[in-house]
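Report on the structure given below.
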Amino acid sequence: MSGRNLYLAFERAFTANANRTAIVSADGAASLSFGALADGAARYANALAALGVEPGDRVTVQIEKSISGVLVYLAALKLGAVYQPLNTAYTTAEVDYFVSDAQPKVIICDPARQTEMRALADRHKVFAVVNLDSTGEGTLAAMAASMDNRHDTADRAGDDLAGLLYTSGTTGRSKGAMITHNNLAANAEALISLWRITPKDRLLHALPIFHVHGLYVALNTAFLAASEIVWFAKFDAAAMIAAMPRATLMMGVPTFYTRLLGEPGLTQDTCRNMRLFISGSAPLLAETFAAFAARTGHAILERYGMTETGMITSNPYDGARVPGSVGFALPDVSVRIRGSQPGVIEVKGPNVFKGYWRMPEKTREDFTEDGYFITGDVGVIDETGRASIVGRAKDLIISGGFNVYPKEVEDVLDALPGVGESAVIGVPHPDFGEGVVAVVTARGPLVPEADMIAALSEKLARFKVPKRIFEVQELPRNAMGKVQKAELRKRYAECFGA
Ligand code: MCA
Ligand code: AMP
């Protein structure tokens with residue numbers, strides 16, 4: 001049934017608002033109307049189709065943030081393809097796994113990585129590798145420019161895949177979360193109504209568009225509501241403050257808010273037209289909430305989500321936004337705590353993904369018998385339904401909004417010369433919320449810390465690489481022989497001076 005392709009809903013908004021500005025770069029140098037957005041999406045869809053992409057095919061994308069990159073996302077949806085965005089920080093070794101698992105028809109990469117991606121594509125029988133740079137130029141852009149601006153949006157059922165977003169596990173390899181058209185539509189509609197997003201809004205968009213927050217939460221709501229997007233290639237606190245008087249809405253990770261607070265230019269006057277600041281992806285400290293309120297008069301609205309589920313809970317628009325709490329379940333979403341409180345948060349609803357790509361067993365493990373997804377976050381829910389996250393049952397570090405799975409880093413560390421064992425932990429970091437730290441034992445001569453960090457950076461995305469590595473005689477263990485990470489976290493709690 002064609003009616004369930006999310007792009008059709010976007011298309012209605014684009015057509016009704018054809019002459020209005022859809023996206024404008026923060027410096028004002030580039031802008032696109034909703035009509036041009038629809039045109040561009042059709043051209044890119046025709047370009048991808050010319051490369052052989054058909055509904056259901058995966059399209060892997062690892063490119064710098066650009067407005068043309070948005071057209072690629074829209075084109076993939078329009079074609080009924082499955083969009084697989086990858087963090088630009090991922091190394092070729094990391095991308096190799098994602099491509100081997102997703103088996104895309106096409107890879108879209110930065111021109112600088114064309115040669116290595118072509119080699120990787122040959123290994124995994126990927127048909128085409130095309131490129132797009134941070135200015136929106138490249139072989140794909142050239143193809144799109146010569147294409148027709150009409151393209152019939154593909155028929156899709158609501159539970160057909162729109163996206164395949166990889167999330168690492170506490171053990172084993174990364175898993176591809178299968179996100180459907182219905183998942184995206186349900187979540188975007190709920191957020192638009194909850195956060196009162198309208199065509200009058202101007203959204204400050206400085207998040208990367210390879211994760212759920214910048215891609216689905218920010219773009220999908222803006223497109224469906226026909227709001228204008230003020231576009232930043234990356235987060236820059238001073239540039240954000242310069243654009244703020246023209247904006248009404250912002251979405252960010254807590255690091256955005258602490259960095260904004262570091263700028264004297266953030267004042268009540270700068271925020272005079274702002275109606276809502278939203279934070280998520282990592283815990284917002286109560287002190288950040290309080291300092292922001294004191295400086296600007298705005299209570300940041302904190303919400304909670306996951307790649308597998310989109311947004312789950314949100315503080316209210318009207319009513320108290322409570323620091324330390326992530327608010328109430330979204331409409332149609334059920335949230336509960338397993339067992340006694342605090343306990344693991346479980347969630348069910350139209351926002352919850354279809355399962356892990358080609359991992360039926362892993363999917364079964366992560367759902368309860370009555371169909372709730374087990375988040376791995378530990379929380380409490382009070383008698384009014386208000387939820388707070390108090391910890392994690394999963395061994396996960398969230399640094400500046402990016403997830404780092406210690407096991408993945410430990411495996412690479414353990415393979416370095418001289419390293420006996422390792423334990424990777426997150427400790428308070430003044431900028432990133434949590435900073436990654438490794439503690440290692442030696443079984444031979446260890447190379448200096450800086451060399452270990454350099455060696456890790458060849459294999460792992462930089463945000464996963466420990467900012468400090470400490471050597472110890474032995475790792476603290478409990479009676480069962482399990483490394484006591486809580487003890488290590490205590491020991492190194494102040495190593496970033498937080
Ligand atoms: C950059 N670096 C980092 C991080 N970002 N290190 C640790 N953690 C990070 N998050 C390192 C780089 O490798 C580099 O180190 C140095 O910091 C400066 O790099 P640069 O690119 O200039 O960093 P930046 O621009 O200052 O980036 C910080 C940032 C960025 C703006 C906070 O990390 C960011 O945009 N985070 C947002 C993440 C996000 O969108 N999360 C949503 C996930 P070196 O010099 O050593 O190489 S979706 C999600 O979680 C769910 C669904 C939800 O609820 O939203
Ligand atoms: P991801 O795998 O990138 O989708 O990250 C999802 C995880 O981010 C969740 O399981 C939580 O641990 C964390 N998270 C997202 N929003 C919040 C929040 N507001 N407070 C605390 N943790 C959050």
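As the structure lists them, so they are numbered: ligands from 1, and atoms in each ligand from 1. In this chain, numbering begins with 1 at the start of the sequence shown. Nothing here was measured: the structure is a model prediction, and the numbers come from that model.
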query = Which atoms from ligand 2 have a heavy atom of Glu302 less than 4.0 Å away?
reply = 18 (C), 19 (N), 20 (N)
query = According to the interplanar angle, ranging from 0 to 90°, do the rings of Phe98 and Tyr166 count as parallel (below 30°), tilted (30 to 60°) or perpendicular (above 60°)?
reply = perpendicular
remark   = Quick note on ligand 1: atoms under 4.0 Å from a heavy atom of Val212 include exactly 48 (S), 52 (C)
task = Tell me which one of His429, Lys467, Arg303 gets a heavy atom nearest to atom 54 (O) of ligand 1.
result = Arg303
request  = Would you kindly say whether Thr270 and Thr267 are connected by a side-chain donor-acceptor distance under 3.5 Å?
outcome  = yes
query = Which residue and non-hydrogen atom of the protein lie closest to atom 17 (O) of ligand 1, and at what distance in Å?
reply = Phe432 CZ, 3.9 Å
inquiry  = So which atom in Glu302 and which in Ala282 form the shortest heavy-atom distance, rounded to 0.1 Å?
reply    = OE2-O, 3.8 Å
ask   = Which residue owns the protein heavy atom closest to atom 21 (C) of ligand 2, what's the atom, and how far is it?
value = Pro283 N, 3.4 Å
query = Counting only heavy atoms, which portion of Met311 has something under 4.0 Å from ligand 2: side chain, backbone, both, or neither?
reply = neither
query = Quick check: does Gly401 get an N/O under 3.5 Å from an N/O on ligand 1?
reply = yes
ask   = Quick one: does NZ or CZ of Arg275 land under 6.0 Å from the six-membered ring centre of Phe277, within 45 degrees of the ring axis?
value = no
query = What atoms of ligand 2 come closer than 4.0 angstrom to any heavy atom of Met306?
reply = 4 (O), 6 (C), 9 (C), 10 (O)
task = Could you tell me the residue and atom name of the protein heavy atom closest to atom 32 (C) of ligand 1, and the distance to it rounded to 0.1 Å?
result = Thr255 CG2, 3.7 Å
Best match, Thr375, Thr313, Ile389, Asn403: closest heavy atom to atom 22 (N) of ligand 2 = Ile389
key: Protein residue, atom and distance nearest to atom 33 (O) of ligand 1, heavy-atom basis   = Phe402 CE1, 3.3 Å
ask   = Looking only at protein heavy atoms, which one is nearest to atom 7 (C) of ligand 2, and how far off is it?
value = Gly305 O, 3.9 Å
query = If you measure from each heavy atom of Gly214 to ligand 1, is any distance below 4.0 Å?
reply = no
Verdict with supporting geometry, Arg259 and Glu263, salt bridge (Lys or Arg N to Asp or Glu O under 4.0 Å) = CA-CA 7 Å; Arg259 288 191 186 179; Glu263 298 284 325; over 6 Å; no
ask   = Does the N or O separation between Tyr304 and ligand 2 drop below 3.5 Å for any pair?
value = no
request  = Say whether Arg303 and ligand 2 are in contact under the criterion: heavy-atom distance to a ligand atom below 4.0 Å.
outcome  = yes
inquiry  = Assess, by modelled atom type and distance only, whether the side chains of Tyr73 and Asn220 contain a donor and an acceptor separated by less than 3.5 Å.
reply    = yes
task = Work out whether the distance between some heavy atom of Ile398 and some atom of ligand 2 is less than 4.0 Å.
result = yes
key: Mutual orientation of the aromatic rings belonging to Phe402 and Phe463 [parallel < 30°, tilted 30-60°, perpendicular > 60°]   = tilted
request  = Would you verify whether the NZ or CZ of Arg173 falls within 45 degrees of the ring axis of Tyr97 while also being under 6.0 Å from that six-membered ring's centre?
outcome  = yes
query = Should we count CG of Asp159 as having more than 12 external heavy atoms under 6.0 Å?
reply = yes
ask   = When you measure from atom 46 (O) of ligand 1 to each heavy atom in Lys65, Arg462, Lys464, which option holds the nearest one?
value = Arg462
task = Could you walk me through whether Asn315 and Ser325 pass the side-chain contact (heavy atoms from CB on, under 4.5 Å) test, one step at a time?
result = CA-CA 7 Å; Asn315 268 280; Ser325 157; 4.2 Å; yes
request  = Can you sort out which atoms of ligand 1 are near Lys234, meaning under 4.0 Å from one of its heavy atoms?
outcome  = 20 (P), 21 (O), 22 (O), 25 (O)
message = With heavy-atom distances below 4.5 Å as the criterion, would you say the side chains of Glu94 and Lys464 are in contact?
response = yes
task = Tell me whether the centres of the aromatic rings in Phe367 and Phe353 are closer together than 6.0 Å.
result = yes
task = Measure from NZ or CZ of Lys362 to the centre of the six-membered ring of Tyr356, then state whether that distance is under 6.0 Å and the direction lies within 45° of the axis.
result = no
inquiry  = Does Glu365 have more than 12 heavy atoms from other residues, nucleotides or ligands lying within 6.0 Å of its CD?
reply    = yes
inquiry  = Judged on heavy-atom distance to atom 49 (C) of ligand 1, which of Gly305, Gly400, Ser457, Ser281 sits nearest?
reply    = Ser281
task = Answer with yes or no whether His213 contacts ligand 2, where contact means a heavy atom under 4.0 Å from a ligand atom.
result = no
query = Could an N or O of ligand 2 be found under 3.5 Å from any N or O of Ser281, whether backbone or side chain?
reply = yes
ask   = Where on Asp377 is there a heavy atom closer than 4.0 Å to ligand 2, on the side chain, on the backbone, on both, or on neither?
value = side chain
ask   = Under 4.0 Å from ligand 2, counting heavy atoms only, is it the side chain of Ala282, its backbone, both or neither?
value = backbone
ask   = What do you reckon, does Thr307 have a nitrogen or oxygen under 3.5 Å from a nitrogen or oxygen of ligand 1?
value = no
query = Who's closest to atom 9 (C) of ligand 1 heavy-atom-wise, of Ala89, Ala218, Ser399?
reply = Ser399
task = Return yes when at least one protein heavy atom is under 4.0 Å from atom 14 (C) of ligand 1, and no when none is.
result = no
ask   = Just distances here: any N/O of Arg259 and N/O of ligand 1 closer than 3.5 Å?
value = yes
ask   = Under 4.0 angstrom from atom 29 (C) of ligand 1, is there any protein heavy atom?
value = no
request  = Indicate the atoms forming the closest heavy-atom contact of Pro323 with Arg321, along with that distance.
outcome  = CD-O, 3.6 Å
key: Residue pair Asp377 / Tyr304, side-chain donor-acceptor N/O under 3.5 Å   = yes
ask   = Can Thr180 and Asn182 be counted as having a side-chain donor-acceptor contact under 3.5 angstrom?
value = no
remark   = Near Leu207 (heavy-atom distance under 4.0 Å), the atoms of ligand 1 are 40 (O)
inquiry  = Minimum distance, heavy atoms only, to atom 40 (O) of ligand 1: which one of Ala233, Ser279, Pro208 is it?
reply    = Pro208
